[in-house]
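Numbers here are sequence positions counted from 1.
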Amino acid sequence: MDFGFTAEEEAFRAEVLEFLWEYRDTDGYFHRGKDTADGVRRVYRALGDRGWLSLSWPTEFGGGGRSPAYEFILWDEMAYARVARPPMGPGLVAKALMTHGTDAQRERYLADLRRGRLNFCLGYSEPDAGSDLAAVRTKARREGDHYVVDGAKCWTSNAHWSDSMWLLCRTGAADSRSRGLSVLIVPLDSPGITVSPIPTLDGGRLNEVRFDGVRVPVADRVGAENEGWQVVASALAVERHVQFPPKRLRRDLHDLMAALESAGVAEDPVVRRQVGELAVRLAEVDALALALLGEVIRGEPAAVPAAYHKLAGTVLAQDIARAGVEFGGAEAVVAGTDTEFLWRQSILETIGGGTTEVMRGLIARQEFGLSA
């Protein structure tokens with residue numbers, strides 16, 4: 001397998017690095033107790049103005065028609081610079097609309113998504129269902145040409161500043177599991193919606209979003225009623241290659257090495273061995289990321305390669321942070337320092353986007369044919 005990038009792709013990387021210099025002070029990848037929404041929105045609009053939020057969209061939808069490798073390069077460099085994470089709207093939402101949306105929905109949403117002027121959050125997890133999406137209980141009851149939505153979503157990223165929610169809800173019977181789900185687009189300023197903060201371990205914010213008789217036009221359902229599972233599954237399949245960029249780990253490792261140098265322990269044989277082992281594992285994550293990208297480019301099923309990549313990457317994120325705590329001296333135990341913060345933040349990476357346990361279970365079932 002060729003793990004290299006073409007000359008044109010490397011030229012694009014150079015453009016990205018030049019762009020990032022202007023936004024080097026936008027710390028939107030982590031939150032650290034700060035409200036980063038305005039800065040992140042500015043970055044998204046700037047990316048939209050360059051056509052970089054729609055790099056791999058088909059040209060018939062106004063996109064660049066480029067390889068997913070361009071998206072990978074963009075968000076890999078964004079992660080190293082810690083400027084922003086990939087937005088849900090131009091990625092998951094837009095690509096689902098291209099496949100499952102109506103002409104009217106594409107006309108209404110795609111242009112603003114492409115330009116970075118419309119921001120979405122995902123309404124998936126729930127208080128009683130956790131990450132088991134087939135157990136979703138938020139109910140959408142049909143009344144004429146509207147649905148009436150009641151229920152709650154929790155641990156929702158960016159709901160406090162997004163424009164709309166990509167809502168997975170139950171339109172079938174209570175016991176219908178994945179066969180009774182639908183996807184609705186719900187403006188977050190709709191009457192009956194309450195957004196409440198959930199503080200996170202790293203000083204950031206997730207949200208609980210409650211729905212109390214929220215009316216949503218049937219025209220804002222994406223795909224057929226009770227076929228939301230297919231919509232969600234197909235959308236996730238095309239976004240896996242940008243969800244955990246490996247250069248985030250390279251930046252973590254570089255910062256660890258600088259901290260160890262500052263603490264005067266970088267030449268300690270035990271420390272050198274530990275850092276070397278972490279560097280080898282980083283090379284493994286790089287290889288897994290590129291293998292996953294190759295699967296996506298070829299249009300092959302990528303659930304298992306994505307699980308391998310996320311599992312290896314997020315566990316490594318914790319181990320890099322743990323090394324900082326173990327060897328970093330006084331800074332490692334002072335609240336608010338970079339070393340101490342990264343330890344708290346790395347724990348969240350093994351939860352968001354599918355927990356470590358979920359990833360291991362997926363690999364066991366789909367790769368090795370094991371069952372509980």
Side-chain angles (χ1 to χ4, degrees), residues 10 13-34 36 39-40 43 72-86 200-204 242-290 309-352:
E10 290 296 349
R13 188 190 303 276
E15 289 185 62
V16 172
L17 293 173
E18 182 179 356
F19 168 86
L20 286 172
W21 181 251
E22 181 178 349
Y23 292 93
R24 61 192 180 278
D25 295 327
T26 302
D27 187 13
Y29 198 85
F30 302 139
H31 298 292
R32 303 191 68 159
K34 300 179 294 185
T36 60
V40 170
V43 171
F72 177 87
I73 290 169
L74 171 63
W75 295 109
D76 206 28
E77 297 298 343
M78 293 280 281
Y80 188 89
R82 293 181 176 163
V83 168
R85 296 179 186 248
T200 59
L201 184 65
D202 64 345
V242 297
Q243 290 309 307
F244 194 80
K247 272 204 170 178
R248 175 257 156 91
L249 297 171
R250 188 167 299 278
R251 174 67 181 271
D252 288 356
L253 185 60
H254 288 171
D255 287 354
L256 169 65
M257 294 166 67
L260 296 175
E261 186 72 33
S262 178
V265 298
E267 298 304 316
D268 183 287
V270 175
V271 173
R272 287 172 59 86
R273 176 175 178 174
Q274 179 71 8
V275 172
E277 291 175 352
L278 293 172
V280 170
R281 290 172 58 193
L282 175 57
E284 175 191 6
V285 173
D286 282 337
L288 288 170
L290 292 172
H309 171 239
K310 184 178 188 296
L311 177 61
T314 54
V315 171
L316 179 57
Q318 280 199 6
D319 289 345
I320 291 173
R322 183 179 292 112
V325 172
E326 291 177 351
F327 302 123
E331 180 181 351
V333 294
V334 177
T337 61
D338 290 344
T339 301
E340 186 271 342
F341 166 78
L342 192 63
W343 166 240
R344 287 184 285 118
Q345 195 284 327
S346 68
I347 295 172
L348 298 181
E349 297 290 4
T350 59
I351 300 172

Between [X] and [Y] (salt bridge meaning N to carboxylate O under 4.0 Å), is one present in this structure?
X: Arg13; Y: Glu10; answer: yes
X: Asp252; Y: Arg82; answer: yes
X: Arg281; Y: Glu277; answer: no

I'd like to know if the side chain of [X] reaches the main chain of [Y], judged simply by a donor and an acceptor atom lying under 3.5 Å from each other, with no hydrogens or angles considered.
X: Asp202; Y: Arg344; value: no
X: His309; Y: Leu290; value: no
X: Ser262; Y: Ala258; value: no
X: Glu340; Y: Gly336; value: yes

Residue pair Val83, Leu20: steps toward the side chain to side chain contact (heavy atoms under 4.5 Å, CB included) verdict: CA-CA 8 Å; Val83 168; Leu20 286 172; 3.8 Å; yes

Measure the [atom1]-[atom2] distance between [X] and [Y] for me, rounded to the nearest 0.5 Å.
X: Arg322; Y: Leu256; atom1: CZ; atom2: CG; value: 12.5 Å
X: Gln345; Y: Phe30; atom1: CD; atom2: CZ; value: 4.5 Å
X: Thr314; Y: Leu348; atom1: OG1; atom2: CG; value: 11.5 Å
X: Leu253; Y: Lys247; atom1: CG; atom2: NZ; value: 13.5 Å
X: Leu201; Y: Trp343; atom1: CG; atom2: CH2; value: 9.5 Å
X: Glu18; Y: Trp21; atom1: CD; atom2: CH2; value: 12.0 Å

Evaluate Phe244 against Leu249 for side chain to side chain contact (heavy atoms under 4.5 Å, CB included), listing each step before the verdict. CA-CA 9 Å; Phe244 194 80; Leu249 297 171; 3.9 Å; yes

Test item: Glu77 and Phe19 side chains (from C-beta on) under 4.5 Å apart, heavy atoms: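 Counting from C-beta outward, Glu77 and Phe19 never come under 4.5 Å.
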
Flag side-chain contact, heavy atom, 4.5 Å: Thr36 against Asp27: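 With C-beta onward as the side chain, the pair stays apart.
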
Can you give me the closest heavy-atom contact between [X] and [Y], atom names plus distance?
X: Ser346; Y: Ala317; value: CB-O, 3.6 Å
X: Phe327; Y: Val265; value: O-CG2, 3.4 Å
X: Met78; Y: Ala84; value: CB-O, 3.8 Å
X: Val40; Y: Gly28; value: CG2-CA, 3.7 Å
X: Pro246; Y: Val285; value: CB-CG1, 4.1 Å
X: Ala330; Y: Val334; value: O-CG2, 3.3 Å

Taking everything shown except Arg273 itself, do over 12 heavy atoms lie less than 6.0 Å from its CZ? no

For the pair Trp75 and Gln243, evaluate side chain to side chain contact (heavy atoms under 4.5 Å, CB included) and give the outcome as yes or no after the intermediate values. CA-CA 9 Å; Trp75 295 109; Gln243 290 309 307; over 6 Å; no

Under the criterion salt bridge (Lys or Arg N to Asp or Glu O under 4.0 Å), I'd like the reasoning laid out for Glu349 against Arg85: C-alpha separation, chi angles, the key distance, then a yes or no. CA-CA 13 Å; Glu349 297 290 4; Arg85 296 179 186 248; 2.8 Å; yes

Salt bridge (Lys or Arg N to Asp or Glu O under 4.0 Å) evaluation trace for Asp76 with Arg248: CA-CA 7 Å; Asp76 206 28; Arg248 175 257 156 91; over 6 Å; no

Apply salt bridge (Lys or Arg N to Asp or Glu O under 4.0 Å) to the pair Arg272 and Asp268, showing each step before the final yes or no. CA-CA 6 Å; Arg272 287 172 59 86; Asp268 183 287; over 6 Å; no

Walk me through it: do Leu342 and Asp338 pass the test side chain to side chain contact (heavy atoms under 4.5 Å, CB included)? CA-CA 6 Å; Leu342 192 63; Asp338 290 344; over 6 Å; no

